[in-house]
Amino acid sequence: MTRAVIFDLDYTLAVPRRDRETILEEAVEAVNAPALTRSEYLEAHRNNLTQESREPIFAALLERRESDADPAELAAAYRQTIAEAIEPLPGVERMLEELRANYRVGLLTNGPVRAQRDKLATLGWERVFDAALVTGELEAGKPDPRAFEAITNELGVEPSEAIYVGDEVDADVAGATGAGMRAIQVLLADGPDPDPRAIAHVEQSVIADVLPNVLEDLKWT
């Protein structure tokens, strides 16, 4: 029986109004830092999943360019720019409220503590979940099984009693199934193909309307 539903945050429940490449460019310009690419940022982000802030991410990126720009200032500018742009997908707040009537509802999101907690505060979601963990607070980030174990422990359920919902194949689908959970893949318009390890696939644009019915069908499996 499914007792808990656990969500990823970015591109699963909330999205930026502008593309992330543009947001990064705006933050870079705000502190007169050298140009950075989104792909470089993502690589550095993957190497810093258990940090307090994005400062180590930008420190590593700026070091490659021998820049005098302050990593802390750039991290703060990027955090502010994202906070101004992020918004929930249509209907997800209603969906989360309804799901909590039948399940323990959790959040497990990769990233530095300050960055991800700031997003939750901006969205007004500090009390939306029964438990919400940011990997910056943990020993390891997704797809490491320890991250998934941490959130199931917080929710008081076994991995086999939980379903994880996320858009990334490696971090979310592979990570959750590798930790003994079932996974539902959120499909983005320009994202990866459906992964066979997921027990169901839901399009991002209609997640609030479709996911509750999918979960109901899977509840006793």
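As the structure is a computational prediction, the values presented were derived from the model and not from experiment.
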- Query: Taking NZ, NE, NH1 and NH2 as the nitrogens, is one of them in E55 or R114 under 4.0 Å from a carboxylate oxygen of the other?
  - Reply: no
- Message: Is it true that, when you exclude E21 itself, more than 12 heavy atoms of the residues, nucleotides or ligands shown sit nearer than 6.0 Å to its CD?
- Response: yes
- Message: Does E126 have more than 12 heavy atoms from other residues, nucleotides or ligands lying within 6.0 Å of its CD?
- Response: yes
- Query: For E203, does the CD atom have more than 12 heavy-atom neighbours from other residues, nucleotides or ligands under 6.0 Å away?
  - Reply: no
- Side-chain contact test, heavy atoms from C-beta onward, threshold under 4.5 Å: evaluate it for V15 versus Q204 and give yes or no. yes
- Task: Answer yes or no on whether K142 is positioned over the face of Y164, meaning its NZ or CZ is under 6.0 Å from the six-membered ring centre and within 45° of the axis.
- Result: no
- Please tell me if the side chains of L218 and I199 come closer than 4.5 Å, counting only heavy atoms from C-beta onward. yes
- Query: Does L96 reach the side chain of F7, with side-chain heavy atoms less than 4.5 Å apart?
  - Reply: yes
- Item | Neighbour count >12 (heavy atoms, 6.0 Å) for atom CZ, R17 | yes
- Query: Under the 3.5 angstrom rule, does the side chain of E168 hit a backbone N or O of Q185 as a donor-acceptor pair?
  - Reply: no
- Query: Does the separation of the ring centres of Y78 and F58 fall below 6.0 angstrom?
  - Reply: yes
- Query: Do you see a donor-acceptor pair shorter than 3.5 Å between the side chains of D10 and Q116?
  - Reply: yes
- Message: Measuring only between side-chain heavy atoms, which start at C-beta, is V202 closer than 4.5 Å to I184?
- Response: yes
- Query: Can you check whether L13 reaches D8 side chain to side chain, under 4.5 Å on heavy atoms?
  - Reply: no
- Donor-acceptor side-chain pairing of E84 and T81 below 3.5 angstrom: no
- Message: Between R94 and D209 (salt bridge meaning N to carboxylate O under 4.0 Å), is one present in this structure?
- Response: yes
- Task: Would you check if there is a donor-acceptor pair between the side chains of R54 and Y41 at a distance under 3.5 Å?
- Result: yes
- Query: More than 12 non-hydrogen atoms from neighbouring residues, nucleotides or ligands closer than 6.0 Å to CG on D217, yes or no?
  - Reply: yes
- Message: Does any part of the side chain of R100, heavy atoms only, come nearer than 4.5 Å to the side chain of D130, both counted from C-beta?
- Response: yes
- Item | Any L9 side-chain heavy atom under 4.5 Å of L120 side chain | yes
- Strictly by modelled atom types, are T2 and R182 linked by a side-chain donor-acceptor pair under 3.5 Å? yes
- Determine whether M95 and P212 make a side-chain contact, defined as any pair of heavy atoms from C-beta on separated by less than 4.5 Å. yes
- Hey, is R65 close enough to E40 for a salt bridge, meaning N to O under 4.0 Å? yes
- Message: salt bridge (Lys or Arg N to Asp or Glu O under 4.0 Å) for E158 and R3? Distances and angles first, verdict last.
- Response: CA-CA 9 Å; E158 295 296 324; R3 295 181 55 212; over 6 Å; no
